[in-house]
Amino acid sequence: MDNNEISRIEHLRSELHRHNYNYYVANSPEISDREFDLLMKELEELEKRHPEAYDPNSPTQRVGSDISSGFAQAQHVYPMLSLGNTYSIDEIDQWVHRVDDALAGEKTVIVGEMKFDGLGISLIYEHGRLVRAVTRGDGEKGDVVTDNIKTIPSIPLQLQGSGYPDFFEIRGEVLLPFAAFERLNARREAEGEAPFANPRNAASGTLKLQSPAEVARRGLDAYLYYLLGDNLPYDNHYDNMAAARSWGFKVSEAMTRLYTLKEVDDYINYWDKARRELPVATDGLVFKVDSLRQQLNLGFTAKSPRWAVAYKFSAERALTRLRFVSFDVGRMGIITPVANLEPVLLSGTVVKRASLHNEDIMLALDIHEGDMLYVEKGGEIIPKITGVDVSSRAAGAEPVRFVSHCPACGTPLVRVEGEAAWVCPNKRGCVPQIVGRIEHFVGRRMMNIDGIGEETAAALHAHGFVSDIADLYDLTADQLMTIEGFGDRSAQRIIDGIAASRNVPFDRVVFALSIPYVGETTAKKVAKAAGNIDRLMSMKAAELEAIEDVGPRIALAIEGYFADEDNRRIVERLRAAGVQMSMPEGSGSKALSDALQGKSFVISGVFARHSRDEHKNMIEAHGGKNVGSISGKTDYVLAGDNMGPAKLEKARKLGIPIISEDDFLAMIE
Ligand code: IVH
């Protein structure tokens with residue numbers, strides 16, 4: 001009897017995987033929804049009776065549970081790079097010519113496909129089963145979101161067909177289809193929650209949810225476009241993706257082989273219009289060299305493959321009426337004029353607000369009250385006002401003027417000479433600035449303190465708990481629990497996040513401080529060059545300017561920031577709270593030697609004596625260069641344990657010396 005039930009479980013699972021594919025991927029269901037539900041119910045019952053037959057990839061596991069505790073992070077086996085962008089057929093033609101030149105006139109076939117506008121995802125399959133899903137993250141490592149990804153019905157948990165490698169990775173884009181996006185926003189507005197600006201933000205917010213059950217409800221979809229691994233079935237991209245389709249993956253039907261420049265151009269012209277009929281957001285096309293051998297020969301730049309390029313669709317334009325201009329106050333006190341519009345549909349999303357950037361731009365547009373405005377949305381998410389339809393202007397309409405006082409705190413605005421921005425100078429008393437700095441400080445790429453969004457940051461300030469970033473380190477769970485909506489668990493999560501932020505590296509601390517003009521990259525360079533906070537605080541503008549990428553404006557801003565008594569006090573309190581105030585040993589900027597001058601290294605695997613980052617720092621300190629992936633130009637591969645087999649093979653093929661940690665340390669002795 002039991003044996004019968006076990007084999008029934010197996011039968012139901014394989015049937016349901018198949019019906020699931022027919023419905024969500026192939027678009028050709030064989031059975032009715034009701035029949036599907038009945039089979040699913042039967043399987044659920046049987047699984048309840050046979051816990052010993054538990055399978056994390058069973059079709060019943062897609063519904064998702066409510067428990068999930070933050071996301072672990074995982075290193076990508078192959079870094080997730082981006083693509084070079086082009087905006088015209090001309091540029092694409094130039095790319096094709098560059099490829100032809102690099103391949104010395106070898107015949108090339110180009111594959112054209114859609115550029116999906118969602119979130120990049122990496123899926124790992126072992127023996128035909130989905131084992132891990134990781135977000136793009138910073139390209140090197142991302143969040144493990146397997147439980148959320150499993151709820152996406154078009155992603156196979158168990159592959160069908162045959163011929164797939166035992167181990168492989170497949171990459172694609174997670175998206176919220178337009179229909180699901182509209183549904184979600186309607187629900188949010190009905191519940192008094194802020195709607196998402198566009199399907200991509202909604203997909204991103206959804207994938208980061210801690211409740212797979214809620215993820216399941218929202219209706220995400222996924223298209224796959226890149227297969228990676230050691231034993232791929234074919235030596236070209238197109239056939240590999242077609243094989244992936246046969247294993248159950250959703251691979252866009254728009255993928256086509258193109259044999260001539262003319263076919264490439266026609267493909268662009270066709271999809272420029274036809275993409276509007278697609279159920280999901282696309283922001284361009286991607287062209288890839290089909291042959292994997294040619295891809296290998298072309299290799300990568302530091303940021304992107306030479307064998308692929310993106311073509312971005314040009315902006316769509318709409319005309320809509322201005323309701324009023326409002327003025328936002330940013331964390332640096334900068335006042336940004338924003339056009340609030342009658343809602344208008346643009347590239348599949350509803351636009352209600354568009355930035356006017358600054359006074360000069362606003363005045364140049366010569367906007368009058370009630371004007372009809374042209375709104376454009378290019379590849380970028382933020383819509384732009386590009387013009388006014390003067391012919392429809394009402395007689396006697398007043399020009400829109402810039403404010404003279406801060407709309408949040410009433411302080412008279414100041415304008416720095418030579419700058420376009422008006423600034424509210426009330427740094428310590430102006431609420432949106434205070435809240436904005438807190439929000440920035442806790443951000444993912446800064447101190448990465450989970451659970452504090454705009455609303456919580458505002459509440460922390462309103463309750464008098466946090467009025468500057470250093471106050472966060474005195475925050476208690478009891479205080480948090482007096483804020484509406486907070487319970488034991490959510491409060492503890494924030495407290496834990498704050499505790500963990502004490503280990504965030506110094507360069508991110510510098511970024512988190514909200515020093516004007518100091519973004520992520522500048523913060524890294526400045527932190528590395530200074531080495532520690534005491535040195536940074538004492539550096540004069542002239543010294544700062546010697547740092548790569550730091551011009552006079554940034555140098556003055558940094559000097560000015562640390563000349564401010566309030567800022568120095570905050571830094572001291574952060575230091576006392578245990579926040580990192582120096583770069584780790586061995587990461588100093590000072591060149592230690594030129595032993596590795598001009599040599600480029602790829603690091604792979606894990607090491608016994610130093611971390612990967614330490615190795616990277618040592619390479620730079622001795623004049624060498626770190627690159628992300630192996631190409632003909634790589635001088636050495638520094639290999640630790642568990643080096644990816646694909647990298648190993650590639651290095652061998654290209655004849656690049658593979659050195660051990662000890663070899664490396666001997667080189668810089
Ligand atoms: S291939 C190394 N193909 O665009 C090549 N990417 O700007 C990796 N994307 O990070 C990417 N559609 O998230 C590829 N058909 C497509 C794509 C695509 C969308 C995204 C992807 C990538 C980004 C690059």
Side-chain angles (χ1 to χ4, degrees), residues 76-87 91-92 95 99 110-123 133-143 145 149 169-177 198-201 203-204 207 220-229 232 236-238 240-242 244-245 249-258 264 267-268 271 275 278-292 294-313 378-381 627-631 646-647 650:
H76 291 299
V77 183
Y78 313 85
M80 282 179 89
L81 303 175
S82 57
L83 293 169
N85 284 329
T86 62
Y87 297 89
E91 285 177 274
I92 287 292
W95 172 76
V99 165
I110 304 290
V111 177
E113 45 194 72
M114 304 311 300
K115 184 168 194 306
F116 294 103
D117 191 15
L119 286 110
I121 190 85
S122 150
L123 308 176
V134 186
T135 62
R136 180 172 196 282
D138 62 6
E140 294 281 337
K141 57 184 183 323
D143 284 338
V145 289
I149 286 295
E169 175 174 351
I170 190 164
R171 291 193 187 157
E173 208 81 353
V174 171
L175 309 126
L176 197 63
N198 55 50
R200 182 191 202 212
N201 285 8
S204 151
L207 208 54
L220 291 173
D221 202 349
Y223 285 85
L224 287 306
Y225 47 64
Y226 188 20
L227 194 64
L228 301 96
L232 303 185
N236 66 80
H237 171 67
Y238 186 92
N240 280 328
M241 290 320 296
R245 191 185 276 141
F249 292 105
K250 198 175 231 182
V251 175
S252 167
E253 295 291 339
M255 179 180 74
T256 313
R257 276 192 175 121
L258 305 163
V264 172
Y267 188 80
I268 293 177
W271 281 110
R275 62 149 174 153
L278 295 174
V280 294
T282 52
D283 59 346
L285 303 170
V286 180
F287 295 100
K288 298 174 181 169
V289 171
D290 195 23
S291 151
L292 301 191
Q294 291 181 340
Q295 286 187 5
L296 197 66
N297 282 319
L298 289 162
F300 296 81
T301 69
K303 276 210 265 184
S304 51
R306 289 199 193 81
W307 48 263
V309 71
Y311 166 85
K312 294 287 203 107
F313 292 128
E380 268 46 326
I381 306 165
V627 291
S629 54
I630 299 170
S631 74
K647 274 196 178 164
K650 193 165 168 188

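All ligand and atom numbering here is 1-based and tracks the order in the structure. These numbers were taken from a predicted model, which means no experiment stands behind them.
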The criterion is salt bridge (Lys or Arg N to Asp or Glu O under 4.0 Å); which residues satisfy it with Lys250, sequence neighbours excluded?
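In terms of salt bridge (Lys or Arg N to Asp or Glu O under 4.0 Å), with neighbours along the sequence ignored, Lys250 is linked to Asp221.
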Tell me, which residues have any heavy atom less than 4.0 Å from some atom of ligand 1?
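If the criterion is a heavy atom under 4.0 Å, then ligand 1 touches Leu81, Ser82, Leu83, Glu113, Met114, Lys115, Phe116, Gly120, Arg136, Glu173, Tyr225, Tyr226, Val286, Lys288, Pro305.
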Rounded to the nearest 0.5 Å, what separates atom CG in Asp283 from atom CZ in Arg275?
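Atom-to-atom, Asp283:CG and Arg275:CZ are 8.0 Å apart.
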With rounding to the nearest 0.5 angstrom, report the OG1 to CZ distance, Thr282 to Phe313.
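Those atoms lie 5.0 Å apart.
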Here's a test for you: under ring pair (Phe, Tyr, Trp, His ring centres under 6.0 Å), which of Trp307, Phe249, Tyr238 qualifies with Tyr226?
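Running ring pair (Phe, Tyr, Trp, His ring centres under 6.0 Å) over Trp307, Phe249, Tyr238 with Tyr226 returns exactly one hit, Trp307.
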For the residue pair Phe287 and Tyr267, categorise the inter-ring angle as parallel (less than 30°), tilted (30 to 60°) or perpendicular (more than 60°).
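Plane angle over 60°, so perpendicular.
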Just by distance, do the side chain of Thr86 and the backbone of Ala310 share a donor-acceptor pair under 3.5 Å?
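Checked: pair present.
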